[in-house]
Amino acid sequence: MASERNDFIRDIIDADLEAGRHQRVATRFPPEPNGYLHIGHAKSICLNFGIARDYQGTCNLRYDDTNPEKEDVEYVDSIERDVRWLGFAPTAVLFSADYFPKMYELAERLVRDGHAYVCDLTYEERKQQRGTLSEPGTPSPFRARSVEENLDLLRRMKAGEFPDNTRTLRAKIDMASANMKMRDPLLYRIRHATHHRSGAAWCIYPMYDYAHPLEDAIEGITHSICTLEFENNRELYDWVLDHTGPWNPRPHQYEFARLALDYTVMSKRKLLELVQRKKVAGWDDPRMPTIAAMRRRGYSPEAIRAFADMIGVAKANSMVDIGKLEYCVRDDLNRNAPRVLGVLRPVEVVFANVPQVVNGALATVDAPLFPPDIGKPGTRPLAIGERVYIDRNDWRDEPEAGYQRLAPGRTVRLRYGYCITAEGAEHDASGAVTRIRATVHPETLGGVSPADGRKVSGVIHWVDAASSIAAEVRLYEHLFSSPRPEDGGGDFLDQIDPRSLETITDARLEPSMAAAEVGSRWQLERVGYFCVDPDSKPGALVLNRIVTLRDSSEKRTEASAVAVKEPKEPKKNVKAATRPKGKSPAEYRAEARERDPELAAMFEKIGALVPTDQADLLAGDRATARLFLDTVALVGFADTTAKWMINELPRALGDRELAEAGLDAPRFAELVKLLGEAKLPAAAAKSALGEMISTGKRVGDVAVQAPAVSVADLDARVQEVIAANPDKAAQYKAGRTGLLGFFVGQVIKAAPGADPTDVNAMVRNRLG
RNA sequence: UCGGGGAUCGUCUAAUGGCAGGACAGCAGCCUUUGGAGCUGCUCAUCAAGGUUCGAAUCCUUGUCCCCGAACCA
């Protein structure tokens, strides 16, 4: 059983297990090897593998490689590496291509059963005959070919007798289906192509809609999870399984909303374009949303998994704030990245008063690798020499309000070291500071305040000029300057932020960083988190900025507020405007009556008993209308019957149709009678109705009439509940009237036979 | 003969007729040898209108808006 919060898919799995529909859970992650995996895939990986983990089930990594022209082993390799790096071990690593023989065998079966045919229509002809979203298609002239001819043609297709694109195998379903996917969809196409796995063994390849359900069924997948755009494909998925089975377990497809993140793009096509047009350095350019890029940038698998947990799984299209990802990355790094000192834009500080120099240093301190709140051990020595570098950004010739760092006459603490006071600065011709002169307060080591009582305005980072090492630092920002680069109608490539990569070649790091390994992650205190890039060479470190530190200084807030551009006009949905409006249920009911005079007559009769709007709802189909009329004929109470049929019956029915639910008028009438005569409380009647429908029993057998509760008893219950929740009672009295429902619910739980109306009144009374 | 889905704080997501909750972001304060972290508090939502009900985000009705679907892609 899954722990913590469930998503709707885990709810479905829980229900399936509970109902005995499955004894075990099997999922799969089915990428097509035609690109690198991205953060959106990570969401799916965490879902599928996470379910396998939570339910002690299985999860296969299966390459959905049915299109030889787009797929490549480079992608196959990268995908498995990324899945494993994310922390998941596939139960099996499989390839659709390995099922080609079995799929073909089933295709022959479809032909033999008359469910598929070979079609000679060209692409253009088929397009012509497909119809549109609102008009039916026309059947292919080859639809009526004999089984023998179809079988012969299919075998010759497989044998390679026909050139590419000259024939297809199509399912024989319904060219008039409202679902375009069901208009005799293609099952196989001819491609004399080399496949990355099966080589030249095949010249016909199955289409996704045929292959995918079979792959799932062959592997014994129970829950086949995909994204929302496949909702329309589910009907075909089921059709394929229905005509190739029986399958046990029989897989079912469920769809969730794919991840969309702002300030990036997620489609493989667009990612490929960025790579091929060299807008980025490759699939693993740290600005890309690919797993490989995030790994290189320094995101940890734990951070990405935490992100997947944070965003949840649902069916509503959504755009996730990239800040959530960055939060997860920082949260992980804060706990795990050792702190070191480094200066991105060095400016020299020379000390005028040098207290005492030992081995070329004023002092050497053991600086902790983690702050106290992290509670991790480790230190490294830090020598403070006569000259240090501080960040240019920590100096102001004229400090603005609220500024807490170094400026003429100001005193700051060098992190882990001395307090220093700036005495003056030298500038170049452009006015930029080139050197700062300062005095050291020798007594301030170890957190001691300056002896003269002067105020220390802040703490800044620094490195020793003599012993520090040089490094290249790559500063990354979001690749795109717009939160939705695909919106606005223009080319998304135009939205690339030219400032998304800034390279600093003369940064200085504390000497301990010379030993940092490729891939290791560090916090440069007060600057951000950094990861050692594989481009590093001995003596020539390259650091990637993983993410900045959160910065609550006002300056930064203002700057980023300016940087955020106004979102563009929301894109106009041309399709939506030209799309004809669908018929409303009311129109369907009216049409049904027009087609069916008997139903129209029933509508008339019902209209004589209840208001027209109710009659309309009750006379949309014969089963409903008949139930109403028969029930009223039996017991009267037209008003009660109508209200219960309209408002309560749908919920009790759930997914079932009234006609197949087997609720006959005599049984329903019994319930209505009790209701009409006020002999059964509404709440009891509701649960009874549900039970009557699912068990076929009579109301007398299922309605649990809790013993009546005397007024005195009920009042005691009310007072007990109020006494047990004094805080809530106080809140209620303070005006939080929504709590009334809470109290009523609690009392009814304690006294099931009570009339909610009475309880309501008594609670109000007691709570004043 | 159009069909299939969806709509809850700024964002993501819970609540399966009974307290609209959590997280991110934001704001304020505390704390701090990182303007980090942490802690405390605050701001902020059920698409609309009717109906059923003691009680509706949830059930019914009528609307509105958004997404997906007419590749020999997946």
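Side chains included, hydrogens not; waters and symmetry mates left out as well; all remaining heavy atoms used.
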Rounded to whole Å, how long is the line connecting atom [atom1] of [X] with atom [atom2] of [N]?
X	N	atom1	atom2	value
A:L414	B:U34	CG	P	13 Å
A:I322	B:A23	CD1	P	22 Å
A:D616	B:G51	CG	P	18 Å
A:N233	B:A70	CG	C1'	13 Å
A:R764	B:G55	CZ	C1'	9 Å
A:M319	B:U13	CE	P	12 Å
A:L618	B:G51	CG	P	18 Å

Could you check whether [X] pairs with [Y] (Lys NZ or Arg NE/NH1/NH2 to Asp/Glu carboxylate O, under 4.0 Å)?
X	Y	answer
A:R415	A:E525	yes
A:D216	A:R28	yes
A:R550	A:E326	no

Within less than 4.0 Å of OP1 or OP2 of [N], is there a side-chain N or O belonging to [X]?
X	N	result
A:Y327	B:C24	yes
A:R258	B:G5	no
A:S318	B:U13	yes
A:R189	B:C73	yes
A:R183	B:U1	no
A:R126	B:C72	yes
A:R526	B:G35	yes
A:R130	B:A71	yes
A:S552	B:G36	yes
A:T66	B:A74	yes
A:R269	B:A71	no

Please check if any side-chain donor atom of [X] sits under 3.5 Å from a side-chain acceptor atom of [Y], or the reverse.
X	Y	answer
A:E124	A:T122	no
A:S457	A:Q404	no
A:D14	A:N6	yes

Among [options], find the nucleotide with the atom closest to the side chain of [X].
X	options	result
A:M207	B:G6, B:G69, B:C73	B:C73
A:K643	B:G10, B:C73, B:U52	B:U52
A:K70	B:A37, B:U62, B:C73	B:C73
A:E229	B:C60, B:G21, B:C68	B:C68
A:Y208	B:U13, B:A74, B:U33	B:A74
A:N67	B:A74, B:C2, B:C19	B:A74
A:D551	B:U34, B:G35, B:G69	B:G35
A:A316	B:G5, B:C2, B:G6	B:G6
A:E231	B:G55, B:A74, B:G4	B:G4
A:L549	B:C24, B:C67, B:U34	B:U34

Between [N] and [M], how far is it from one [atom1] atom to the other, in whole Å?
N	M	atom1	result
B:U58	B:G6	P	15 Å
B:U40	B:A23	P	10 Å
B:G17	B:U53	C1'	9 Å
B:C30	B:G22	C1'	24 Å
B:U32	B:A25	C1'	23 Å
B:A56	B:C47	P	15 Å
B:U43	B:C24	C1'	15 Å

NZ or CZ of A:K315 within 45° of A:F256 ring axis and under 6.0 Å: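 That pair does not qualify as a cation-pi contact.
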Check: [X] side chain, [N] base, donor-acceptor under 3.5 Å:
X	N	result
A:R191	B:C72	yes
A:R234	B:G4	no
A:R10	B:A14	no
A:N232	B:G3	yes
A:N647	B:C59	no
A:E648	B:U53	no
A:K686	B:G17	yes
A:N317	B:C67	no

To the closest 0.5 Å, what do you measure between CG (A:N232) and CG (A:N179)?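 Nearest 0.5 Å value for the CG-CG distance: 5.5 Å.
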In dot-bracket, 5' to 3', how would RNA chain B read with Watson-Crick or G-U wobble pairs under 3.5 Å, [ ] for crossing ones and | for pairs to another strand? .((((((..((((....[..)))).(((((.......)))))....(((((..]....))))))))))).....
Please determine whether the number of non-hydrogen atoms from other residues, nucleotides or ligands lying under 6.0 Å from atom CD of A:Q128 exceeds 12.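 At most 12 heavy atoms, drawn from other residues, nucleotides or ligands, come within 6.0 Å of this atom.
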Heavy atoms of other groups near A:K376 NZ, more than 12 under 6.0 Å: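 Buried by this count: over 12 neighbours within 6.0 Å.
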Where does B:A37 land, syn or anti, once you apply the within-90°-of-0 test for syn?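 Anti.
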Would you please indicate if the ring centroids of A:Y205 and A:Y188 are separated by under 6.0 Å?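 That pair fails the under 6.0 Å test.
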In terms of the angle between their ring planes, are A:F95 and A:Y63 parallel, tilted or perpendicular, with boundaries placed at 30° and 60°?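 Judged by the thresholds at 30° and 60°, the geometry between A:F95 and A:Y63 is parallel.
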Which part of the nucleic acid, if any, lies within reach of A:A682 when heavy atoms closer than 4.0 Å are counted: base, sugar-phosphate only, or nothing?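 The residue A:A682 makes no contact with any strand.
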